[in-house]
Colleague: 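Let me begin by handing over the structure; questions about it come next.
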Amino acid sequence: MSAVPRPQWTPDEMMTVTAARMLWDRCVCFVGIGLPSAAANLARLLHAPDIVLIYESGTIGTRPRVLPLSIGDGELADTATTVVPLPEIFSYWLQSGRVDVGFLGAAQVDRFGNLNSTVIGPYDRPKTRLPGAGGAPEIAIHARQVFVVLKQSARSFVSEVAFKSSAGFLTGYGARKASGVPGGGPQAIITDYGVMKPQAGSEEFELVARYEHVTVADAIAATGWPLQVAATVDVLQPPTQDELAVLRDLHRRTREANSRPVKLPV
Amino acid sequence: MSAVPRPQWTPDEMMTVTAARMLWDRCVCFVGIGLPSAAANLARLLHAPDIVLIYESGTIGTRPRVLPLSIGDGELADTATTVVPLPEIFSYWLQSGRVDVGFLGAAQVDRFGNLNSTVIGPYDRPKTRLPGAGGAPEIAIHARQVFVVLKQSARSFVSEVAFKSSAGFLTGYGARKASGVPGGGPQAIITDYGVMKPQAGSEEFELVARYEHVTVADAIAATGWPLQVAATVDVLQPPTQDELAVLRDLHRRTREANSRPVKLPV
Amino acid sequence: MAITTLQAAISAHVHDGDTVALEGFTHLIPFAAGQEIIRQRRRGLHLIRMTPDLIYDQMIGAGCAERLTFSWGGNPGVGSAHRVRDAIEKAWPGPLAINEHSHAGMAAAYVAGASRLPFGMLRGYTGTDLPGVNPTIRHVVCPYTGEHIATVPALNPDVTILHAQKADRAGNVLISGILGAQKEAGLAAHRLLVTVEEIVDDLGAPMNAVVLPSWVVTAVACVPGGAWPSYARGYYSRDNAFYITWDEISRDRATFTAWIDRYVHGTDDFAGFIAALRADGVGP
Amino acid sequence: MAITTLQAAISAHVHDGDTVALEGFTHLIPFAAGQEIIRQRRRGLHLIRMTPDLIYDQMIGAGCAERLTFSWGGNPGVGSAHRVRDAIEKAWPGPLAINEHSHAGMAAAYVAGASRLPFGMLRGYTGTDLPGVNPTIRHVVCPYTGEHIATVPALNPDVTILHAQKADRAGNVLISGILGAQKEAGLAAHRLLVTVEEIVDDLGAPMNAVVLPSWVVTAVACVPGGAWPSYARGYYSRDNAFYITWDEISRDRATFTAWIDRYVHGTDDFAGFIAALRADGVGP
């Protein structure tokens with residue numbers, strides 16, 4: 001990276017804060033475990049107290065006091081407005097078009113925002129078998145917009161994914177819209193270098209913002225395709241003291257809660 | 001009717017007792033309101049304590065202390081093993097093939113057990129518009145067998161129903177089986193004259209049993225098609241004192257419970 | 001979500017010509033809301049409901065509807081829905097077109113609506129004359145077995161109106177007891193209005209209870225008793241006597257019209273309706 | 001319905017070559033039952049589960065399965081399911097065929113199974129490579145709009161196994177909290193086995209709670225702790241530390257095999273399994 005001194009926060013923290021800032025109050029957010037969940041809850045604790053968090057395990061309107069470590073932690077059920085069967089989450093709540101923002105991660109993303117979380121190498125003789133698509137194919141179709149969160153490298157940001165686990169803009173240039181899917185697709189990729197957004201027309205992702213300590217050249221070097229750069233590249237505001245304090249407190253509470261050993265009552 | 005003295009029970013009572021006797025312990029019974037509900041609960045209070053009663057309102061395994069007056073009385077929910085959404089009753093519980101016996105009534109039944117509860121006269125310019133099919137079309141398809149309960153007259157027992165609200169044996173002679181429906185269809189029609197069952201082969205309903213005070217000629221006269229009569233026509237045992245006592249007690253409790261005027265707490 | 005009056009909710013969200021579903025299967029039928037629609041003299045509605053019951057008998061007899069989608073239209077446990085019959089048989093007070101289904105078909109159509117699928121499917125209708133009179137009952141061919149499976153088009157009402165036991169101050173709604181297709185009809189609609197017995201600080205919903213989150217609800221109005229003469233489990237029982245009385249009231253056009261004029265048009269709201277019935281010695 | 005031991009239930013109802021679903025989404029995963037299947041050395045199973053998790057990592061690594069139908073196969077919050085990977089990538093301990101879906105597709109397939117429809121449908125899979133590698137993902141054409149709607153064949157396991165909080169003495173089962181597709185998988189199956197934390201006189205189920213009536217349940221076995229290292233709401237929490245530990249245990253074939261030999265094959269039942277872990281100072 002560049003000569004600017006390394007900041008006092010981690011890449012995970014700045015990605016979390018950046019993602020949290022993109023969420024708004026009362027938005028309906030379909031949340032995955034890990035960084036998306038941290039970001040969504042950080043937003044809830046900061047500027048979006050009435051954000052609606054849906055986890056695919058069936059918990060709607062959860063307000064967890066500590067971050068869940070799995071998608072179905074008891075904390076999510078205990079603090080939810082309602083807990084419904086999993087088939088209903090996908091039919092009545094996601095497919096119905098009620099989700100404003102879906103958060104997705106993946107092993108690979110390509111220039112058109114297609115994601116691979118299935119396999120590296122041939123499907124039938126995989127080099128690396130990944131966990132699979134899970135909820136992503138339908139989140140990618142039905143959420144009004146999708147935010148992708150992924151650390152950047154030339155291996156993970158590829159020109160074309162080996163396997164499309166979920167649809168971004170497909171081959172670009174309106175291919176997604178032609179496929180008839182209702183949701184708007186990936187509108188931002190949040191990385192540890194900055195933020196990419198789809199170009200109007202081509203729908204290829206371009207760099208639109210960078211962190212203060214990162215150069216455009218850094219970001220280009222960490223991308224496996226010839227990354228286009230927007231006419232103006234914004235500099236992302238670093239995490240504020242308040243954002244960091246709330247996030248770190250949330251992580252601290254989570255670690256405390258999870259450090260208690262589980263004892264079976266038998 | 002014949003010269004045999006009128007018995008000490010009503011036609012409704014003997015039909016209810018006759019229907020109740022046809023149910024067995026642990027059988028899964030999809031129950032309609034009125035006489036079928038009385039019969040199913042009478043069976044439960046007599047010889048079938050673990051009969052499973054399902055009402056289309058979503059109540060499964062109900063044990064009502066008094067008879068419900070509507071298909072969705074609170075008593076049905078309060079005494080049920082579980083209360084599920086109505087769409088689930090039809091998909092997971094009826095369509096799934098879990099119902100042993102479906103009880104149906106109608107305005108008209110024909111010689112092949114097809115039922116009309118929709119309309120008398122042309123559909124577009126009805127002479128009499130009836131309530132409609134409700135749950136019957138799918139009960140008739142999916143229950144392992146169907147019992148029809150209906151008071152007999154030449155107007156209600158017709159050669160061919162004006163409108164098929166639910167399928168019996170259609171045009172007979174295997175037509176039902178050829179239609180591919182899974183359930184066995186109507187296996188008995190219980191009337192105030194006796195019981196009819198489908199003939200092997202033709203699947204036309206024939207008289208197989210009569211009440212003591214009824215003659216075969218009475219039954220034929222009360223049927224709108226040339227009613228066939230089985231080689232042996234059984235005489236149905238009259239209701240026992242015990243059957244009548246339990247049934248009348250159930251009706252008495254029901255009347256008492258429903259004679260209390262409803263007061264809105266506002 | 002807004003907590004408002006029933007008058008304001010109907011005024012703002014139910015328009016002439018709308019497709020409107022008032023659901024609740026025997027339990028929690030939104031009578032107060034139906035009467036408010038009559039009172040506000042809505043016209044040309046397409047009414048949807050599995051069991052039209054007395055509520056649509058009133059609305060249809062009062063001239064609110066020009067189309068009815070349904071699966072069983074009687075006075076449960078009593079007999080005919082006379083006003084529905086009169087509309088279908090004799091076009092009084094105006095012609096009423098019908099889309100007729102089975103319960104299972106209606107349920108599948110609501111599920112499809114809530115799921116934003118264009119159709120629902122079921123093994124249903126086989127051997128009946130319903131597909132012959134309702135051309136929207138069609139089929140698909142199973143891509144695995146070749147079987148024909150019946151289809152119904154999704155129901156997506158402009159407005160669904162429900163009655164429930166409770167809402168909290170944020171507008172989350174708890175429904176308990178016999179559920180009918182209320183949740184599906186509610187989630188299938190573009191706008192969802194809910195009347196409730198009471199508004200509380202805390203719903204106290206048990207785990208896995210049926211709760212409609214406030215953000216799927218357009219408006220909530222507190223109308224205690226608003227399901228009468230149907231019932232609200234935990235609050236009051238079904239008024240079977242009124243269902244029997246209704247048979248007499250509704251049998252005759254003039255008697256019916258006088259009843260609607262006196263008790264619905266002649267009152268300002270549901271509380272006034274109940275008060276008028278009580279003043280005449282026929283109230284619950 | 002019979003209340004029996006887990007050993008007897010698996011012995012009687014899970015056979016070599018069966019199609020078997022052990023469901024529970026993060027919550028109430030029937031680990032004790034899965035280990036009993038390993039202990040009884042079942043072979044050639046077609047395993048179905050949305051999220052294979054550690055339970056299928058164990059069963060696949062132990063050689064029980066020849067096919068896996070799934071939608072997400074990792075160690076949640078930790079990383080890879082190493083034994084699942086090894087089976088798919090390197091055919092160890094034997095080849096593993098896969099039917100891969102999305103969660104929404106699996107859910108629709110279970111719903112279809114519970115409904116005894118031949119297929120389920122969803123607006124799904126569009127723009128993905130999944131239909132290219134799973135030829136059972138097809139489509140129907142909407143008879144109203146002409147749209148293509150994706151289909152999946154119904155899942156109807158020979159046996160579904162669930163873990164739940166409680167059964168009563170009649171065998172009615174109460175499930176509370178995160179439900180996953182447990183009810184659908186249970187009702188889709190030909191035989192349904194349930195392990196529970198406790199057997200009680202009265203379920204005390206709230207209105208509209210998820211209860212599986214005894215007459216849809218084949219056998220119930222009381223296995224307290226039987227969902228560990230997943231959790232049973234109201235009884236114990238998820239053992240996240242064990243999920244992390246499993247990453248080490250499962251990474252290597254020999255370490256894994258030693259663990260299975262010592263703690264599963266080397267014990268008589270789930271109580272013995274927990275006792276052995278505790279004896280080694282690694283028990284919950």
Side-chain angles (χ1 to χ4, degrees), chain C residues 27-28 99 104 107-109 111-124 131 134-156 164-166 174-180 182-183 203-212 232-234, chain D residues 27-28 99 104 107-109 111-124 131 134-156 164-166 174-180 182-183 203-212 232-234:
Chain C
H27 183 211
L28 294 173
N99 301 101
V111 168
S115 307
R116 296 300 191 278
L117 287 169
F119 67 96
M121 62 177 171
L122 66 158
R123 292 190 201 264
N134 183 344
T136 72
I137 300 167
R138 299 181 189 168
H139 72 270
V140 288
V141 178
C142 172
Y144 309 99
T145 65
E147 286 169 277
H148 285 210
I149 306 289
T151 63
V152 289
L155 286 170
N156 287 107
Q165 277 97 345
K166 293 181 193 176
L174 173 66
I175 307 176
S176 169
I178 286 178
L179 302 169
Q182 289 192 82
K183 182 171 177 174
L203 283 185
M207 179 58 60
N208 304 124
V210 175
V211 174
L212 295 167
R233 183 177 175 278
Chain D
H27 182 212
L28 294 172
N99 301 101
V111 168
S115 307
R116 296 299 191 278
L117 287 169
F119 66 97
M121 62 177 170
L122 65 158
R123 291 192 202 264
N134 182 347
T136 72
I137 300 167
R138 300 181 187 168
H139 72 269
V140 288
V141 177
C142 172
Y144 309 99
T145 64
E147 286 168 277
H148 285 211
I149 307 289
T151 63
V152 288
L155 286 170
N156 288 108
Q165 277 97 346
K166 291 181 195 178
L174 173 65
I175 306 175
S176 169
I178 286 177
L179 301 169
Q182 289 193 81
K183 181 171 179 175
L203 282 184
M207 179 59 61
N208 305 122
V210 176
V211 174
L212 294 167
R233 185 179 172 277

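Labels below follow one simple rule: chain letters A, B, ... track the order of the sequence lines, proteins then strands, and each chain is numbered from 1.
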Colleague: Quick one: of D:P153, D:P206, D:C142, D:S176, who has the most non-hydrogen atom pairs under 4.5 Å with chain C?
Modeller: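 Between D:P153, D:P206, D:C142, D:S176, the count favours D:P153.
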
Colleague: What are the two closest heavy atoms between D:M121 and C:F119, and how far apart are they?
Modeller: CE-O, 3.1 Å

Colleague: If you count heavy-atom pairs within less than 4.5 Å of chain C, which of D:V152, D:V210, D:I175 leads?
Modeller: D:V152

Colleague: Can any side-chain N or O of C:R116 pair as donor or acceptor with the backbone N or O of D:R123 at less than 3.5 Å?
Modeller: no

Colleague: If I measure from the heavy atoms of chain D, does C:L179 come under 4.5 Å with its side chain, its backbone, both, or neither?
Modeller: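 Contact with chain D is through the side chain of C:L179 alone.
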
Colleague: D:G177, D:A154, D:S115, D:A209: which one forms the most heavy-atom pairs within less than 4.5 Å of chain C?
Modeller: D:G177

Colleague: Using 0.5 Å steps for rounding, measure from the CZ atom of D:R233 to the CG atom of C:N208.
Modeller: 8.0 Å

Colleague: Using a 4.5 angstrom heavy-atom cutoff, name the option from D:L122, D:T145, D:T136 with the most pairs to chain C.
Modeller: D:T136

Colleague: By a 4.5 Å heavy-atom criterion (distance strictly below it), what part of C:L117 contacts chain D: side chain, backbone, both, or neither?
Modeller: both

